[in-house]
Amino acid sequence: MKKNNKRKIIKTLLVTAGIMIAISVIALSVFFGTLYFGGEEPDMNLLGKTQNSLNIYDGDDQIIMDRKSQEYVDYSQIPQLLADAFIAVEDKRFYSHHGVDYVRIAGAMLNNLKGNRTQGASTITQQLVKNTYLSSEQTFSRKFKEMQTAIKLEKTLSKEQIMEYYLNMLYFGSGEYGIKNASMRFFGKEPIQLNALECAMLAGIVKSPTKYNPINNYSNSITRARTVLKLMLEQNKISQNIYDSYINSDIIIQNNIIENTLDKNYLNATLIEACEILKISDKNLANSGYNIYTFYDNDSQKKLYSTVTNAAYYQDSATSGIGILCDNSSYGIKALASKNNVNIFDFKRQVGSTIKPLACYAPALDQGIISPGAKFLDEPTTFGNYSPSNYKDIYYGWTSAYDCVAYSLNIPSVKIMQQLGCQTSADYLTKMHIPIVEEDKNLALALGGMTYGMNMIELLGGYATLANYGLYKSPSFIKKITDSNGNTLYSAENNIAKRVFDEQSSYLMTDMLINCSKNGTAKKLKNLDFQIACKTGTVSMENKAFNSDIYAVGYTESDTMLFWQGDNAMEASQTGGGTTTLMMKNFASLYYNNSSPANFEIPDGIEELNIDKYSYEQLNKIVLASQNAPQKSTVKVLFSQKCIPIEKDTTYDRLSIDDIEFEQNSGKVTISFEFNPKLGYKIYKRDFAKGEYLIEDIKNMSGRADIQVDVDRFFGNKITVIPYYLDDVNTEIIGSPLKFYSNSLISGLYS
């Protein structure tokens, strides 16, 4: 009985196994049948157009055609060595499979089961299909379609044709599509002229065009190239002699910009920003089919480019230069020009005194700690262990905040930072997305001392905040991104500007920077016939005999602009107030040639008040002037409502001498009172013989009066003291007379 049960169980298991095998065979037959015979036939007309899959438009929604330009290269111009480099690293069974590499798929599946996901399984043919016909979504159905189409493509095209299309559609970074553009850009060579190591480098780049970019990340790129070279040796693509000849060699990167130098940096920045916005790689973006709408303005770009690349502005040809123009209303970057290829987002520099308005003055104005007219003692000062100094060790004594900004004085900036607090300053900078680390929170921040510096878009954003009356939004190259069906994936309009400074504080800071443009370090701008606010900056090298960076950052009512030179030791005579300000002046004259920008609007809450001139200039105090004070005795200063002074002078409101004392001692009368240096004092004496006459006219005196007058002991005298001042037309305005009658033997003669 037990044997029969055992046989039944075995029979059941065998039947079940047979059914499972049959189902598996059927399933595999259906899978492979569908894989090989299902799906749509690929549209061959799309293969030659892969380089046009990413469209970039200017600010008027006109396509920037130069962004698409690609030198297509026929297979006859592609050396076998170059094709072999890509085969070695991307698809070593390229010539033996029929579109899908099942051995590689099995290996990838095994690695995935082990938790190692580093190995991909796509063949070159599949990569061509994905980038030509399909999206980048990670789903089984998309992968199945990719395999289907790859198999059909292999039935239609030769391996040489597939390789030709593949190499012409690849993105290599630095804005370069296609093998010929990349070869010319990086090496200055036609593909047919490449050596083994150069072929290996190009093949290595495509895995990650940013990480392995030979211009910006040469170390990564050459290491990757040597890895590819080793794979080529292992797969018998090159001989041992060739491998030995190149494995320890380096490559001189030419960085040849082969097309449209004018807008190359702008377009590269656009691609970098798009990748960040969409959180995708540059490789995926390049073949996404997306449409990128920018703020690019061709006329502005031409004018900016002609300025930045003009050799006349550079003392040394090795010095780099950058210019950026941003529209205030949209925060859109209209133009970007650079002498060199640069990733504007990764290019961080120390910014020197350009940080002062953002880190010190505007926050202090916003907090109500200072007003533009506030006085600071500019003298050598040590703050604990920190001993900053002014440029060329020149000090100005008591100086207004207006002039501290204009002359870019260091000591007052540090004093303001001390009052404000380093943490408060850092909080304001963080609101403007200026990167601050804990080590930066010290008084050196007032002068631009930062651990890692900042990039120029971040600096531009700070000044665009002031230009927009305290509202911050990150400057952007991109207005909108849509997919191939026109669906909006991103719109800059959805980025809401956030308040950093109130309108009044921002306007006061703007007014101070206008003064800098008229009378300070940026005074090369003073002859422009429109308002422009500007701050210069200079970063000295350690021995102070050379400068590493010079800036002019400014704005009009309509635009914010930045000019920089550096990345090279420049003589100490090269400062931000010199060359870069001259660049700004000449560009602004060219840019605003047809129409000048409007003046800045004065917001509600700003008052221009008269303050007492004597108190301000002699006592370094801000005191509101008397209502009746002559204009020549006052100084006009702008205030926001939060920092209007409380103390008020009453000199001209009630002309009197409240504390006067007369004391007679024998034949002399001593007159004592406190001089008001803003008034004059006339002293009259009247006697029996001469009548009344002037004996003293005292002006510009301070301190305690101690005046002695001889008197007639027999007849006595009348002594009269009259305070007075001269109004704006030199009319004498007199106050209340103070009278004293000296003692006499004949009593009451002058009563």
Side-chain angles (χ1 to χ4, degrees), residues 174 185-186 188 213-219 221 250-257 261-262 264-266 268-269 272 304-325 335-355 391-392 408 444 447-460 521-522 524 534-554 561-587:
S174 294
R185 175 66 178 278
F186 302 140
N213 185 292
I215 295 173
N216 299 322
N217 296 298
Y218 177 77
S219 178
S221 188
D250 276 308
I251 299 174
I252 298 175
I253 303 301
Q254 300 294 326
N255 190 16
N256 287 314
I257 300 179
T261 305
L262 174 69
K264 176 65 81 173
N265 278 286
Y266 188 100
N268 286 346
I272 293 167
L304 188 65
Y305 181 78
S306 67
T307 301
V308 171
T309 59
N310 188 339
Y313 292 118
Y314 298 89
Q315 191 179 61
D316 187 332
S317 60
T319 302
S320 298
I322 290 174
I324 315 174
L325 177 69
L336 166 68
S338 174
K339 277 184 66 183
N340 306 88
N341 184 69
V342 62
N343 180 336
I344 197 68
F345 297 102
D346 284 347
F347 191 63
K348 293 181 179 291
R349 307 293 299 180
Q350 296 297 322
V351 298
S353 293
T354 60
I355 199 68
Y391 178 62
K392 293 185 177 180
S408 199
L447 308 183
M450 300 173 68
T451 306
Y452 303 109
M454 69 177 81
N455 70 46
M456 292 175 201
I457 301 298
E458 291 161 344
L459 180 59
L460 185 82
T521 58
K524 288 187 185 298
C534 181
K535 182 70 187 75
T536 64
T538 302
V539 181
S540 299
M541 300 183 76
E542 191 170 351
N543 63 5
K544 296 190 177 180
F546 295 94
N547 295 326
S548 61
D549 300 82
I550 59 176
Y551 296 84
V553 192
M561 59 195 79
L562 177 151
F563 289 88
W564 167 86
Q565 286 189 21
D567 210 15
N568 182 47
M570 299 174 287
E571 292 181 5
S573 60
Q574 295 292 102
T575 65
T579 308
T580 46
T581 304
L582 183 62
M583 293 170 75
M584 180 179 287
K585 174 192 174 183
N586 292 342
F587 169 75

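Every heavy atom of this structure was used, including side-chain atoms; hydrogens, water molecules and symmetry mates were not.
- Taking 4.5 Å as the limit, every side-chain heavy atom of Tyr391 sits out of range of all side-chain heavy atoms of Thr538.
- No side-chain donor-acceptor contact under 3.5 Å links Gln315 to the backbone of Ser573.
- The side chain to side chain contact (heavy atoms under 4.5 Å, CB included) test applied to Ser317 returns no partner, not counting sequence neighbours.
- Side-chain contact between Ile251 and Phe186 is absent, with no heavy-atom pair separated by less than 4.5 Å.
- The side chain to side chain contact (heavy atoms under 4.5 Å, CB included) test applied to Thr536 returns Thr521, Ala522, Thr581, not counting sequence neighbours.
- With sequence neighbours left out, the side chain to side chain contact (heavy atoms under 4.5 Å, CB included) criterion links Asn216 to Asn213, Asn341.
- A 4.5 Å side-chain heavy-atom check between Arg185 and Ile215 finds at least one atom pair inside the cut-off.
- In this structure, the side chain of Gln350 does not engage the main chain of Gly449 through any donor-acceptor pair within 3.5 Å.
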- Please assess Val553 against Lys535 for the test side chain to side chain contact (heavy atoms under 4.5 Å, CB included), listing each intermediate value before the final yes or no. CA-CA 6 Å; Val553 192; Lys535 182 70 187 75; 5.6 Å; no
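- Nearest heavy atoms, Asn340 versus Ser320: OD1-OG, 3.0 Å.
- The ring-ring contact (aromatic ring centres under 6.0 Å, His included) test applied to Tyr266 returns Tyr296, Phe477, not counting sequence neighbours.
- The environment of Phe345 atom CZ is dense: over 12 non-hydrogen atoms of other residues, nucleotides or ligands sit within 6.0 angstrom.
- Ring geometry for Trp564 versus Tyr551: interplanar angle of 30 to 60°, hence tilted.
- Annotation: side-chain hydrogen bond (donor to acceptor under 3.5 Å, both in side chains) contacts of Ser540 (sequence neighbours excluded): Asn547.
- Remark: Tyr218 engages Asp250 in a side-chain hydrogen bond (donor to acceptor under 3.5 Å, both in side chains) (not counting sequence neighbours).
- In this structure, CE in Met456 is found 4.0 Å from CD1 in Ile322, a value given to the nearest 0.5 Å.
- Remark: the backbone N or O of Glu458 is paired with a side-chain donor or acceptor of Asn455 at under 3.5 angstrom.
- With no hydrogens or angles considered, no side-chain donor-acceptor pair links Lys264 and Ser338 at under 3.5 Å.
- For Tyr314, there are no ring-ring contact (aromatic ring centres under 6.0 Å, His included) partners at least two apart in sequence or on another chain.
- Atom-to-atom distance recorded for Leu459:CG and Thr354:OG1 is 4.5 Å, nearest 0.5 angstrom.
- Listed by chain and number, the residues in a side chain to side chain contact (heavy atoms under 4.5 Å, CB included) with Thr451 are Val437, Glu439, Asp440 (sequence neighbours excluded).
- Legend: residues meeting side-chain hydrogen bond (donor to acceptor under 3.5 Å, both in side chains) with Asn217, ordered by chain and number and at least two apart, are absent.
- For Asn265 (side chain) and Val342 (main-chain N/O), a donor-acceptor pair under 3.5 Å exists by modelled atom type.
- Every residue two or more places apart in sequence or in another chain that forms a side-chain hydrogen bond (donor to acceptor under 3.5 Å, both in side chains) with Gln574 is listed here: Thr579.
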